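Here's the structure, in structure tokens; my notes come after.
Values in this document were obtained by computation on a predicted structure and should not be read as measured data. By convention in this document, chain letters (A, B, ...) are assigned in the order of the sequence lines, proteins followed by strands, and residues within each chain are numbered from 1.
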Amino acid sequence: MNPDELLRAELTRVARVLGAPDTVVPVLERPRDPAHGDWATNLAMTLAKPLGKKPREIADALVALLDLAAAGVAETTIAGPGFINFRIDAGAHAKPLAQILEQGAAYGRSTGGAGRPVNVEFVSANPTGPLHVGHGRQAALGDAISALLEGSGWQVTREFYYNDGGVQIENLAKSLWVRVAQRVGIDVPIPEGGYNGEYIKEIAERFVAEHGAPSPEVLLPGAEAIVAGSRPADAALFDAMRRFGVAALRAEQDLDLKAFGVRFDVYFLESSLYTDGKVEETVGMLVQGGHAFEQDDALFLRTTDFGDDKDRVMRKRDGTYTYFLPDVAYHVTKWKRGFTRAINVQGSDHHSTVTRVRAGLQALEIGIPAGYPDYVLHQMVTVMRGGEEVKISKRAGSYVTVRDLIDEVGRDAVRYFFLMRKGDSQLVFDVDLARSQSEENPVYYIQMAHARLSGIFRVGEVDAAAVTADGVQWDCLAEPAERELVASLLDYPRLVAGAADALEPHRVAAYLLETARLVHGWYHKHHVLGEPEHIMRARLALAKASRQVIANGLAVLGISAPERM
RNA sequence: GCGCGAGUAGCUCAGCUGGAUAGAGCGUCGGCCUCCGAAGCCGAAGGUCGUGGGUUCGACUCCCUCCUCGCGCACCA
């Protein structure tokens, strides 16, 4: 057991001796100021009320009873309003580093998930345009959350949901038709709700190259129909364009994701919910359950029975379904596929769907828990370029794509940029700044720490694999900079576990920055190579452990850990 | 108007679920390369933690008031 675990146990024992209620659990934490010691507890303060005594008196009583030899406590002090500070002797303090050397890449992993399946859905962009910055944030976030869950023992399925069945796709097909028509000189505008982006022109080029140019006799009336708000008479050609457009954009998005280093296990097509009859089936169940009603020729679901502020339309007057219904049907498939836990990473502009989808699932009454699925909502990304905000609009054709960012700033820097912030704070991405400061991006500071540590082994011609805990004199790591670094490394498992629990990867990012700072400080102040044998061996062990922890943390964020830069 | 989120250093943001003197990066100013990487280190300046109350030994953190900003409030997704 590590010193902190022994301390906790001993504090609990002594608290009971003094008559503390069972509900009091000693809290042991790292003092902000290392001068206060390695661990501190506020136990005396929390006991003041139940015991009816002053905190300082209780602290004195506690200290008198504590048997701290096993935990390697070298010094105990009472400070401030009643904190009890413990200083661990250097040897006991650093000894747990052996665990890092033994566990290697597995250090920091835990088994809380117990192999249970969890579905993490993210990005889920409509196949109507390239992935833009907002999707980038979501890709980085979803991927890191997945990695965190995998690290804590969950069996993760990364899933991408394609909304390929709705009005948006219809508009895509119409836009493509118009672009094809424009190529042969027909003068028609992009329809209302259509997509103006240059990429539609490129896809139109490719469509003509592969399918040949349709005749103006077909294109013109079709274009006129589109302008008039309906669809072309030549359904076969229109459908071919729709499929071509979707396929082209999916391929494009796949390339973006690949460039970003994100892989999905499942691509789920909304259209399959219709072809497999899942939508009909879900409607049937909702009607049968008695939570549906007809009004104004539309079919409503009484979502207000489940906490929504108004009832929602499932089937419109024209007989088609709103997005809401397939969403519910889709989540039913998640549940039925065995995902008793599902997490949806979405932009906060979708937050109104949270209550709705959950209400729909409740109305089915098939045993899905009320809080299913979980949502991680991130705030919007504002893009600045040339000192102005770039209004992201696929329809207007103005956006900054994920690939633009990666090309300009680099994959690691982009990932870090998106992950260093909490998901629920808004985020300004200044493209010019990101490019000009790419050298200053904090991610390089962290990677540099990894590279420097690697350099020790390279320059010293020391085989890192041969560095083990055997025979290391841990009490050699007694310098303040070493003690701080050691403490940080030993905190890593608790940190990642907390980040996984809260679904907050930014904690790992912040931790890595802090740990890298300690590495740089230590590296600068203390030498490893050329020191007396026993000191060098201890420091090599510390260097190896530090490098391992940084590499493990970067892996969670999907960022590389280079040996040299 | 209602719901969700955010207001912390000049700028961009952390603050480990209530602890001791509120931190980092960038920017500004000043130091450090015969030395395992100066993509680094050390120091300085810079704060009424949006506002006003409350809870308690103790509040950036929890509760309430108000202000500002973002997002959402469709038979669009």
Name the atoms and distances for all side-chain donor-acceptor pairs under 3.5 Å in residues 495-510 of chain A, with sequence neighbours left out.
residue: A/Glu504; atom: OE1; partner: A/Arg507; partner atom: NE; Å: 2.9
residue: A/Glu504; atom: OE1; partner: A/Arg507; partner atom: NH2; Å: 3.2

Whole-Å P distance, B/G43 and B/C26 = 15 Å

Taking only residues two or more places apart in sequence or in another chain, which ones pass ring pair (Phe, Tyr, Trp, His ring centres under 6.0 Å) with A/Tyr511?
-> A/Tyr492

Members of residues 446-458 of chain A that approach RNA chain B, where some heavy atom sits under 4.0 Å away | A/Met448, A/Arg452, A/Gly455, A/Ile456, A/Arg458

How is A/Leu427 classified with respect to the nucleic acid when contacts are heavy atoms under 4.0 Å: base, sugar-phosphate, or nothing?
-> sugar-phosphate

With sequence neighbours excluded, what pairs up with A/Phe306 under the ring pair (Phe, Tyr, Trp, His ring centres under 6.0 Å) test?
-> A/His291

Is there a donor N/O on one and an acceptor N/O on the other, under 3.5 Å, for the side chain of A/His351 and the base of B/G3?
-> yes

C1' atoms of B/A45 and B/A39, separation to the nearest Å | 25 Å

May I ask you to say what A/Lys525 touches in the nucleic acid, namely base, sugar-phosphate or nothing, with a heavy-atom cut-off under 4.0 Å?
-> nothing

Side-chain donor-acceptor pair under 3.5 Å between A/Gln447 and A/Asp412, yes or no?
-> yes

Contact class for A/Ala510 (heavy atom, under 4.0 Å): base, sugar-phosphate, or nothing?
-> sugar-phosphate

Do any of residues 526-551 of chain A sit with a heavy atom less than 4.0 Å from RNA chain B, and if so which?
-> A/His526, A/His527, A/Val528, A/Leu529

Identify, between A/Met45 and A/Tyr161, the residue whose nearest nucleotide on RNA chain B lies closer to the 5' end.
-> A/Met45

Among all residues two or more places apart in sequence or in another chain, which pass the ring pair (Phe, Tyr, Trp, His ring centres under 6.0 Å) test with A/Phe122?
-> A/Phe264

Does the ring of A/Tyr523 meet both stacking tests against the six-membered base ring of B/G40: centre distance under 5.5 Å and plane angle under 30°?
-> no

Same-atom distance (P) from B/C11 to B/U48, integer angstrom = 12 Å

Do A/Lys544 side-chain atoms and A/Val467 backbone N/O form a donor-acceptor pair below 3.5 Å?
-> yes

Whole-Å P distance, B/U55 and B/U61 | 15 Å

Using the P atom in both, what is the distance from B/G50 to B/C62, to the nearest Å?
-> 12 Å

Can you give the dot-bracket line for RNA chain B, using ( ) for pairs inside the strand, [ ] for pairs that cross earlier ones, | for pairs with another strand and . for unpaired bases, where Watson-Crick and G-U count if both distances are under 3.5 Å?
-> (((((((..((((.....[...)))).(((((.......))))).....(.(((..]....))).))))))))....

What pairs with A/Tyr375 under ring pair (Phe, Tyr, Trp, His ring centres under 6.0 Å), at least two apart in sequence or on another chain?
-> none

P gap between B/C16 and B/G23, integer Å | 14 Å

For a quick test of your reading: what N or O donor-acceptor pairs under 3.5 Å do the side chains of residues 524-534 of chain A make, sequence neighbours left out?
none

Assess the pair A/Phe160 and A/Phe268: is the distance between their ring centroids shorter than 6.0 Å?
-> no

Would you please indicate yes or no on a ring centroid separation below 6.0 angstrom for A/His520 and A/Tyr445?
-> yes

Return each pair, listed once, that meets salt bridge (Lys or Arg N to Asp or Glu O under 4.0 Å) where at least one residue sits in residues 446-460 of chain A; pairs must be two or more places apart or across chains.
-> none

Using the C1' atoms only, state how far B/G7 lies from B/A14, rounded to an integer number of Å.
-> 15 Å

Please evaluate the base of B/A20 for a donor-acceptor partner in the side chain of A/Asn85 within a cut-off of under 3.5 Å?
-> yes

Go through residues 35-44 of chain A and report each residue with a non-hydrogen atom lying under 4.0 Å from RNA chain B, sorted by number.
-> A/His36, A/Ala40, A/Asn42

Describe the nucleic acid contact of A/Arg317 in one word from base, sugar-phosphate, nothing, applying a heavy-atom distance below 4.0 Å.
-> base

Rounding to the closest angstrom, what is the interatomic distance between B/G47 and B/U8 at atom C1'?
-> 8 Å

Step through it carefully: locate the ring centre of A/Tyr416, locate the ring centre of A/Phe418, and say whether they are under 6.0 Å apart.
-> no

side-chain hydrogen bond (donor to acceptor under 3.5 Å, both in side chains) contacts in which one or both residues fall within residues 34-56 of chain A, not counting sequence neighbours = A/Asp38-A/Arg483

N-O pairing of A/Arg312 and A/Asp309 below 4.0 Å | yes

For the residue pair A/Ser454 and A/Arg547, confirm or rule out a side-chain donor-acceptor distance under 3.5 Å.
-> yes

